[in-house]
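Take a look at the structure set out below.
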There are 2 protein chains.
Amino acid sequence: MDIQQLISDGFAIKKYPKDAIIYEPGMSPRYVYFIKSGEVRMVTVSKDGKEFIQGVFKTGQYFGEPALIVNRKYLAYTIASKDSEIIPVAKNQFFNLVENTPGFSINLIQTLCNRLFYKSMMLEELANEKAEHRLLTIINYLLNDIETGESLKVSRQELADMTGLRVETVIREVKILSDKGLIHTEKGKIIRHF
Amino acid sequence: MDIQQLISDGFAIKKYPKDAIIYEPGMSPRYVYFIKSGEVRMVTVSKDGKEFIQGVFKTGQYFGEPALIVNRKYLAYTIASKDSEIIPVAKNQFFNLVENTPGFSINLIQTLCNRLFYKSMMLEELANEKAEHRLLTIINYLLNDIETGESLKVSRQELADMTGLRVETVIREVKILSDKGLIHTEKGKIIRHF
DNA sequence: TTATAAATATGATATAGATCATAATTTAAC
DNA sequence: GTTAAATTATGATCTATATCATATTTATAA
């Protein structure tokens, strides 16, 4: 789905400053959200306040469809990680787009499959693997998205929130991975080496 | 998608006896599998042999699309949990069905969203919640699918494999849940009370 | 450039759940 | 109905990681 197309079709752009909440658990879904610029994270929060990052969405992507499509209340918060411009597309308009935009339903299917793939991978990790293995798996997953020589712009806290571990554990285990030569670090930054 | 329709369209039915492996990790996807009868479980297995149940598929459902659609090798095993009759639909034929069967792409989208919803819920549980909470969550989820007064036909081992816990832990925690009145059991069977 | 905040680091201790071992029930098979 | 196999049960330890406490380093703002 092309964001520019949405804009020329007259959909309004809404601005969310960094840390603004776009929706929260318990709300009934009314829109699908297309990101014109910025970045959004989807997190669930446990009773004692621990966050788990369910996903991160960037410019050009959309989020919020699953709850809307299965007609259930949101399970997660979505929060702007940076100042963001977002186009909320109302339910019926979204279904129109799916039906009438050539290639959109296939694109949606592929998007959903990609997310399922990621979640299956993480479920296996959380269910069966120890801290070190879990970390190596997401780190390699994240490194895939950046250029050789670049560093991960993800804090230890964020790694913790993606793996269900605690910061201290992440810090210690990242060091172990680095010592073992399984990842490369420079001044604490995790680098894509190849 | 209607299984009878597939059969009258001439798709062949393949029989898998209980415990037969339909596909395994590392294989390249070539089919989507429609279940005419029986039951299939999708499991990932860790190096030390611990199983995690990613999903269970029953008569009338289909499985195996995500890896095929995102063009990646399977991550999981799928294994017949009962004697099963399954219709493998080759990749290009599956894409034909998606494009040409009215309502099928919407059905697929809904199916994918339901699975995403389940996986998001389980990720939150595995990342943030303790054994007792995790168990209560899947037990309630599973009880939703059966009639009031009926009992769950799921062993403690299967509950363990769905939650990433160990049998002994599941046995102990189910007892605690029962003592607290949060679930109902009779002779070890978990009963849907309301 | 200095002050302040955020992120990373590291040690000491606690604990949920794994692991190991063995027994008691329940279910299935003959 | 009896035997065998599977499931559930329960106790005793062990261990990975959480938790708590306090530094040190790096980034940000004034």
Side-chain angles (χ1 to χ4, degrees), chain A residues 18-19 45-53 81-83 125-139 142 151-180 183-191, chain B residues 18-19 45-53 81-83 122 124-139 142 151-180 183-191:
Chain A
K18 181 168 155 56
D19 296 330
V45 181
S46 70
K47 281 223 189 70
D48 34 297
K50 200 182 165 207
E51 287 197 8
F52 176 74
I53 298 178
S81 300
K82 303 175 182 171
D83 291 348
E125 292 292 328
L126 297 199
N128 283 337
E129 305 292 353
K130 297 219 173 50
E132 186 183 320
H133 191 282
R134 270 192 230 181
L135 275 166
L136 188 54
T137 300
I138 14 101
I139 288 172
L142 295 172
S151 72
L152 268 193
K153 285 156 301 298
V154 172
S155 69
R156 303 291 192 268
Q157 182 64 60
E158 285 170 304
L159 288 175
D161 290 346
M162 286 188 258
T163 51
L165 298 168
R166 292 298 187 165
V167 218
E168 298 93 327
T169 305
V170 170
I171 288 164
R172 288 183 246 253
E173 295 292 332
V174 163
K175 205 151 293 171
I176 290 171
L177 286 170
S178 179
D179 288 350
K180 287 189 180 176
I183 61 174
H184 274 263
T185 56
E186 279 170 30
K187 284 220 296 175
K189 298 283 166 221
I190 298 166
I191 310 285
Chain B
K18 183 169 152 55
D19 296 330
V45 181
S46 70
K47 283 226 187 65
D48 35 295
K50 199 182 165 208
E51 287 195 9
F52 176 75
I53 298 178
S81 299
K82 303 175 181 171
D83 293 346
M122 289 309 294
E124 159 65 14
E125 292 292 329
L126 297 200
N128 283 338
E129 304 292 352
K130 298 224 173 47
E132 188 183 317
H133 191 282
R134 271 193 228 180
L135 276 166
L136 188 55
T137 300
I138 15 101
I139 288 171
L142 295 171
S151 73
L152 268 192
K153 285 157 301 296
V154 171
S155 69
R156 302 292 192 267
Q157 181 63 61
E158 285 170 303
L159 288 176
D161 290 347
M162 285 189 258
T163 51
L165 299 169
R166 292 298 187 166
V167 220
E168 298 93 327
T169 305
V170 171
I171 288 164
R172 288 183 245 253
E173 295 292 334
V174 163
K175 204 151 297 169
I176 290 171
L177 285 170
S178 179
D179 288 350
K180 288 189 179 176
I183 61 174
H184 274 262
T185 56
E186 279 170 31
K187 284 219 296 176
K189 298 284 165 219
I190 298 164
I191 310 286

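Here is how names work: the chains are called A, B, and so on, in the same order as the sequence lines, proteins then strands, and each is numbered from 1.
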Would you please name every residue forming a side-chain contact (heavy atoms from CB on, under 4.5 Å) with B/K189, sequence neighbours left out?
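Per chain and number, B/K189 pairs via side-chain contact (heavy atoms from CB on, under 4.5 Å) with B/S151, B/I191.
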Rounded distance in Å - [atom1] ([X]) to [atom2] ([N]):
{"X": "A/K50", "N": "D/dT17", "atom1": "NZ", "atom2": "P", "answer": "12 Å"}
{"X": "A/I176", "N": "C/dT10", "atom1": "CD1", "atom2": "C1'", "answer": "12 Å"}
{"X": "A/E186", "N": "D/dT25", "atom1": "CD", "atom2": "C1'", "answer": "17 Å"}
{"X": "A/L135", "N": "C/dT8", "atom1": "CG", "atom2": "P", "answer": "13 Å"}
{"X": "A/N128", "N": "D/dA16", "atom1": "CG", "atom2": "P", "answer": "16 Å"}
{"X": "B/L126", "N": "D/dA16", "atom1": "CG", "atom2": "C1'", "answer": "17 Å"}
{"X": "A/E129", "N": "C/dA18", "atom1": "CD", "atom2": "C1'", "answer": "15 Å"}
{"X": "B/K153", "N": "C/dT27", "atom1": "NZ", "atom2": "P", "answer": "14 Å"}

Counting distance only, does the side-chain N/O of A/S178 pair as donor-acceptor with the main-chain N or O of A/V174 below 3.5 Å?
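Here the side-chain-to-backbone pair does not exist.
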B/T163 side chain vs B/L159 backbone, donor-acceptor pair below 3.5 Å
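The answer is yes, because a donor-acceptor pair under 3.5 Å joins these two groups.
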Taking the nucleotide of DNA chain D with the nearest heavy atom to each, does B/Q157 or B/R172 sit closer to the 5' end?
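The answer here is B/Q157.
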If you pin A/E173 and A/K189 to their nearest nucleotides in DNA chain D, which one's is more 5'?
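Comparing both residues, the 5'-ward one is A/E173.
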Ignoring hydrogens, what is the shortest heavy-atom contact between [X] and [Y]? Give both atom names and the distance.
{"X": "A/I53", "Y": "A/E158", "value": "CD1-O, 4.0 Å"}
{"X": "B/F52", "Y": "B/L126", "value": "CE1-CD1, 4.2 Å"}
{"X": "B/R134", "Y": "B/E125", "value": "CA-OE1, 3.2 Å"}
{"X": "B/N128", "Y": "A/S46", "value": "CB-CB, 3.7 Å"}
{"X": "A/V170", "Y": "A/R156", "value": "CG1-O, 3.7 Å"}

On a plain distance test, is the side chain of B/R156 in donor-acceptor contact with the base of C/dT26 below 3.5 Å?
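Flag unset: no donor-acceptor pair detected.
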N or O in side chain of B/K175 less than 4.0 angstrom from D/dT8 OP1/OP2:
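Negative; the distance criterion is not met.
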A/K153, NZ: over 12 other non-hydrogen atoms inside 6.0 angstrom:
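Count over threshold, so yes.
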Taking DNA chain D as the partner, which of residues 163-171 of chain A come within under 4.0 angstrom of it by heavy atom?
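Output list: A/G164, A/L165, A/R166, A/E168, A/T169.
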Which range-with-range stems can be found for DNA chain D when each stem has 3 or more Watson-Crick or G-U pairs in a row and both distances sit under 3.5 Å?
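As far as DNA chain D goes, consecutive pairing (with distances under 3.5 Å) yields the stems C:1-30 with D:1-30.
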